[in-house]
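One structure below.
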Amino acid sequence: LVLSGEPFKIVDDYNQWEGRASAYVDQRPFGAVIELPLKWQKQIIGVLYVDDKVGRKFTEEDARLLSLYADHATIALVNAELVAKDAKKLRRLQRLSQISSEIMTNLGSMSLDDRLNLIAERAAEILEAEGCGILLVKREGCLSLEASVGYREGRFEKGREFVIRSGPKTGLTGHIAFEGKMFNACEEELNSHFAVKGETPYASSGHGYSLLAMPLKKTIDREERLIGLLRVDNKKDNNGQAGPTICFIQEDEWILNFFAEAAAAAIEAAGLVGTLGQQKDHLARLIASSPNGIIAIDSRGNVTGIHDRAQEILGYTADEVLGRPVDALYWDPQTPHEVGRLLHQAPDGRLNTYKTFVRAKSREGEERGEKIPISLSATWLYDSEGNRIGCVGYFEDLRAIREVERRLETLLIASNTVAHAESLISSLQSLAEMMVLRLAHTFCRILLLDESGQFLVVKAAYPIPRGVGLKWEPGL
């Protein structure tokens, strides 16, 4: 049926049919069969078949009726695939959150080499890449490989240097660092790039199928300076195999950017921790406690320190909050008091993953700033003599996770709306109504190609204009 391209197939007695599959050695209990292909965007994605006892004569009318169920089955399968893709995105986002905490905790106890190797391992894991390498600028004009995973032994070893320059066959790694921007290419575009030297690829498979790379930068005296480069090689498929047709996608670019920021922060933190080792213990603990935004307060509840990431999330500068009550940064001003109560009750003086809301700086014309969901962890701060001098809280911005959850919920509702409708038209009408109500839009129109495949025809709309049927209006 699939190869013939026919709209349906009827067999009166499958057991006697000359095309019977060899897998059916024994007689099948039902011999009469009717089958229809399941099509989506002109591609066959499956087959719907119905069996009955020998003697039943299926007809074209039966095929026409069964095609209605075939449409429903197709929509259900396609929506299930979309749900699975969004569920995978949610899992990646949740894993990324875990990795963020893993990378940025214990800054004082983990060496820079160990932290860079951890970043390389986790980047290769979540980006489903064959290999990952982190290179740093150790001397002017050169990159030095400092951490790697998944590369051929003896080909991409620690300490190997790459000159930062651009030109024919000068080396792609140095070219990307020289250009100073994200690089994403695969197969022909990658291997025919003018900067490629022509050496055997570094990846353990010996092939250069795809490459995603991001320069690491740091702002010094208001000027961005290159401090390194992060690269991942050979995107893998769902079976864990790299190949010429598998490329890194835009979502991978966003994730790599996260790891690039983590690597840059780890480099900066390594120097900061070294300096803090000669200062008060509570400052070292301030840095060691948080993967994301950090805010420290004294025993009176006034802000004594705010991390760059916290400033970015809340929209405040350090000068706007230092020395002021922390209450104003929370959506509910009573939250700091509740956090303090829980810290007092905790045997170890720690609070973990407390869900609450902070308030971003209000923009012009706003009475209150944005309400931001966070996961907060906190611990007491002590001076060198063991006296409690305040507390430090570190929080994770949950907006991205909440948005993915909302999209997944909307997709599940849309799938159920279509799957339980009585017909294709009623399912589209229900979908149009759901899109307007769920997404807070004013109007939704769904158009499908007509039988000629040349024109779009309105099949559903919400709300339906009074006294006007669903029709095609050129130019709208």
Side-chain angles (χ1 to χ4, degrees), residues 103 110-124 127 129-185 189-204 206-208 210-234 248 253 256-275:
I103 290 173
M110 185 182 291
S111 69
L112 178 61
D113 283 350
D114 289 340
R115 193 171 302 279
L116 292 179
N117 277 301
L118 176 63
I119 292 172
E121 291 173 6
R122 296 297 180 259
L127 288 167
E130 189 175 2
C132 175
I134 300 177
L135 304 96
L136 302 182
V137 176
K138 288 295 190 75
R139 62 187 183 93
E140 189 70 25
C142 285
L143 288 170
S144 172
L145 180 65
E146 298 300 315
S148 65
V149 62
Y151 295 106
R152 299 173 67 190
E153 187 175 352
R155 294 286 299 137
F156 207 52
E157 295 185 332
K158 183 175 180 179
R160 179 176 177 178
E161 290 191 334
F162 299 81
V163 179
I164 302 172
R165 59 182 176 178
S166 180
K169 298 186 181 302
T170 55
L172 192 53
T173 300
H175 164 78
I176 297 170
F178 181 85
E179 290 291 313
K181 57 186 179 181
M182 176 90 68
F183 180 88
N184 186 0
E189 180 186 2
L190 173 62
N191 294 311
S192 63
H193 193 282
F194 71 86
V196 172
K197 280 186 175 182
E199 297 178 329
T200 303
Y202 306 129
S204 57
H207 295 283
S210 55
L211 173 63
L212 179 61
M214 180 73 180
L216 308 178
K217 296 182 179 181
K218 179 181 179 181
T219 301
I220 302 175
D221 297 330
R222 298 185 179 182
E223 180 183 345
E224 277 194 337
R225 296 186 186 179
L226 180 74
I227 61 172
L229 183 137
L230 174 63
R231 60 177 287 166
V232 285
D233 296 72
N234 292 350
F248 291 102
E253 294 181 2
L256 185 72
N257 187 66
F258 159 79
F259 280 106
E261 291 180 355
I267 296 167
E268 182 178 3
L272 182 60
V273 169
T275 302

Subject >> Euclidean distance, Leu190 CG relative to Asn184 CG, rounded to 0.5 Å >> reply: 9.5 Å
Original post:
side chain to side chain contact (heavy atoms under 4.5 Å, CB included) with Asn191: which residues, sequence neighbours excluded?
Top reply: Glu187
**OP:** Measure the CZ-CG distance between Arg231 and Leu212 for me, rounded to the nearest 0.5 Å.
**Re:** 10.5 Å
Original post:
If we only count heavy atoms from C-beta on, is the Arg225 to Lys218 side-chain gap below 4.5 Å?
Top reply: no
Original post:
Minimum heavy-atom separation for Cys132 to Ala123, with atom names?
Top reply: SG-CB, 3.9 Å
Subject >> Closest approach of Ala213 to Leu229 (non-hydrogen atoms, all atoms of both residues) >> reply: CB-CD2, 4.4 Å
**OP:** Report the residues that fulfil side chain to side chain contact (heavy atoms under 4.5 Å, CB included) with Glu224, sequence neighbours left out, ordered by chain and then residue number.
**Re:** Lys217, Thr219
Subject >> For Glu261, all residues meeting side chain to side chain contact (heavy atoms under 4.5 Å, CB included), sequence neighbours excluded >> reply: Asn257
**OP:** Can you see which heavy atom on Leu226 is nearest to which on Pro215, and at what distance?
**Re:** CD1-CB, 3.7 Å
Original post:
Would you say Lys158 and Asp113 make side-chain contact, with heavy atoms under 4.5 Å?
Top reply: yes
Subject >> ring pair (Phe, Tyr, Trp, His ring centres under 6.0 Å) partners of Tyr151, counting only residues at least two apart >> reply: Phe156
Original post:
Do Leu230 and Leu256 touch side chain to side chain, with heavy atoms closer than 4.5 Å?
Top reply: yes
Cut-off 3.5 Å, no hydrogens considered: what does the side-chain donor-acceptor table look like for residues 135-146, sequence neighbours left out?
from	atom 1	to	atom 2	distance (Å)
Lys138	NZ	Glu146	OE1	3.4
Lys138	NZ	Glu146	OE2	3.4
Arg139	NE	Glu161	OE1	3.2
Arg139	NE	Glu161	OE2	3.0
Arg139	NH2	Glu161	OE1	2.8
Ser144	OG	Glu146	OE2	2.7

Original post:
Would you call Leu211 and Ile176 a side-chain contact if the rule is heavy atoms closer than 4.5 Å?
Top reply: yes
Original post:
Taking NZ, NE, NH1 and NH2 as the nitrogens, is one of them in Glu199 or Arg160 under 4.0 Å from a carboxylate oxygen of the other?
Top reply: yes
Original post:
Is a side-chain donor or acceptor of Asn234 paired with a backbone partner of Ala129 at a separation under 3.5 angstrom?
Top reply: no
**OP:** Taking the side chain as every heavy atom from C-beta outward, state whether Phe183 and Thr173 have any atom pair closer than 4.5 Å.
**Re:** no
Subject >> For the student: nearest non-hydrogen atoms of Met214 and Met182, plus distance >> reply: SD-CE, 3.6 Å
**OP:** Output the distance between atom CG (Asp233) and atom CZ (Phe248), rounded to the nearest 0.5 Å.
**Re:** 7.0 Å
Subject >> Set of residues satisfying side chain to side chain contact (heavy atoms under 4.5 Å, CB included) with respect to His175, sequence neighbours excluded >> reply: Ser166, Leu172, Glu179, His193, Phe194, Ala195
